[in-house]
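This report concerns only the one structure given below.
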Amino acid sequence: MRNYWIRHRLLLTVILSVAISLIMGLLFVSPYINQRAMNYNNQSIYKNTDIDFIAPEPSFEQISELPGTNGIESVFPYYLTKSQVTVKGSSRTTTVLLSDQFQYLGMTMYNNNRLIKKADFEPENAILVDWQFCHDTEASIGDVVSLSINGKSTEYKVYAIYETNSVYDGGAIIAQITPEQKESIMQNSKNSGYSGMFISADDYNACRAYLTSDYRPLGRLKDRSQFESDDQYQVHYDAIMKTGYANEITDFRVRESDLGKTDNALMIWIGMVISVAFIFVFNVVMSRRGCEKGYFTKHCIPKGKNVKTYYTVCFLAETLLTIACYVGVLAWKYVSADIFIPKAVIDIRIALIPVAIIVAEFVSLLLNNSMLNGIIKGVKLQAKELE
């Protein structure tokens, strides 16, 4: 039975299994997983951090004065730059955050809730990267990342990898700067503060009201010495103090509610139906082939061979091979994905396809065995008539 199956059905079984796996994996299940991954990535930056707002260019004084006032619990200031970054011999332009206040890093998007992987020990010059950076550069834990701070090349080692910082196109990496590096940045900057700050609020409404109505980015306020006259300075001062900045405030809670989406598992159900249809059609066509019926009728049943093992082999081979190929296709899509796919989005529903395959193959086995029973009865009846 096994040898006959290998000669007459193995190739067709392989074609069936690969076809079902590719169609289900590429056209139905992978898009569903990608949809869930995109929803997760879009919302994680807002759900899995303590950030409520991002505000532009606070002064150094504001960083120390704002916490504990106007509904603000804590702030994380940073410098923001687009920098040429080199890793593994290749360079790319990357959004880089620099900060001297890593003691408040836990409130940002670089926290344990969004951590993917980190080194066993923290190197002296540690840099935190996101998934998108690693995907684009093939960087990994322990790799050296070089970037320029005020014209001076500085080397860091990748200490931890986090989910993509989707606030910035293409993601972002973050590094801690020394007091000397901060002083250098201050001396080379025309402003008197940071590029921005992440804000955690203990009173959301009070904080929002202050930021949208009364907050002024005093880091933009230049020193009087940069102007030729008091009148010029006053124009600059009034331009900052009398302008509203609500349109420059990023509200994480509003963004989170705007991105709320439900997952649509319709693709999975359609895939199940198509899988079952493929298997039934294949088994019906195979069972009606004259070569199988003729082989059973002339060479097997009259000699007392157990022909049902043939369809048992078919059942096992088609089921195991199809599921193995299905898993292989999904694993390949997972490894080659262009977005971060957390394990949390790979839910139990993707197992519905293998379950449907097993059920369809089992029903086909029962139908094939029923067909064989009919052939066996017919052969026995012919044998009696010949007697």
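This chain uses plain numbering: 1 for the first residue, then up along the sequence.
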Test log, rule side-chain contact (heavy atoms from CB on, under 4.5 Å), inputs Ile270 and Val273
CA-CA 5 Å; Ile270 294 175; Val273 173; 5.9 Å; no

What's the verdict on side-chain contact (heavy atoms from CB on, under 4.5 Å) for Ser83 and Thr93, showing C-alpha distance, side-chain angles and the deciding distance?
CA-CA 5 Å; Ser83 178; Thr93 300; over 6 Å; no

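Between Asp230 and Arg224, at least one side-chain nitrogen of the basic residue sits less than 4.0 Å from a carboxylate oxygen of the acidic one, meeting the salt-bridge criterion. The existence of a salt bridge linking Arg9 and Glu318 is confirmed by a sub-4.0 Å separation between a basic side-chain nitrogen and an acidic carboxylate oxygen. Ion pair Asp143/Lys157 not flagged as a salt bridge, since none of the NZ, NE, NH1 or NH2 atoms sits closer than 4.0 Å to an Asp/Glu carboxylate oxygen. Salt bridge status for Glu61 with Arg216: absent, with no side-chain N to carboxylate O gap under 4.0 Å.
Remark: the backbone N or O of Val96 is not paired with any side-chain donor or acceptor of Thr94 at under 3.5 angstrom. Judged by distance alone, with hydrogens and angles left aside, the side-chain atoms of Asp251 form no donor-acceptor pair with the main-chain N or O of Phe53 at under 3.5 Å. Without hydrogens or angle criteria, Asn111 side chain to Thr108 main chain gives a donor-acceptor distance under 3.5 Å. Using modelled atom types, one side-chain atom of Asp130 and one backbone atom of Ala172 make a donor-acceptor pair closer than 3.5 Å. Counting only distance, with no hydrogens or angles, the side chain of Glu65 and the backbone of Phe60 share no donor-acceptor pair below 3.5 Å.
For Arg114 and Tyr162, the side-chain atoms include no donor-acceptor pair closer than 3.5 Å. A donor and an acceptor atom, one from each side chain of Tyr110 and Asn165, are located under 3.5 Å apart. Of the N and O atoms on the side chains of Gln226 and Lys222, not one donor lies less than 3.5 Å from an acceptor on the other residue. Using modelled atom types and a 3.5 Å distance limit, the side chains of Ser192 and Ser59 yield no donor-acceptor pair. Of the N and O atoms on the side chains of Gln234 and Asp238, at least one donor lies less than 3.5 Å from an acceptor on the other residue. Counted by atom type alone, Thr86 and Ser146 present zero donor-acceptor pairs between their side chains at under 3.5 Å.
The closest side-chain heavy-atom distance from Ile357 to Met272 is not below 4.5 Å. Residues Met24 and Ile274 meet the side-chain proximity criterion, which asks for heavy atoms closer than 4.5 Å.
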What side-chain donor-acceptor pairs closer than 3.5 Å can you find for residues 115-127, not counting sequence neighbours?
from: Asn125; atom 1: ND2; to: Glu155; atom 2: O; distance (Å): 3.0

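For Tyr79, the ring pair (Phe, Tyr, Trp, His ring centres under 6.0 Å) partners are Tyr194, not counting sequence neighbours.
The aromatic rings of His135 and Trp131 sit parallel to each other, their planes meeting at less than 30°, with 60° as the upper class boundary.
Taking every heavy atom of both residues into account, Gln62 and Pro58 meet most closely at OE1-CA, 3.3 Å.
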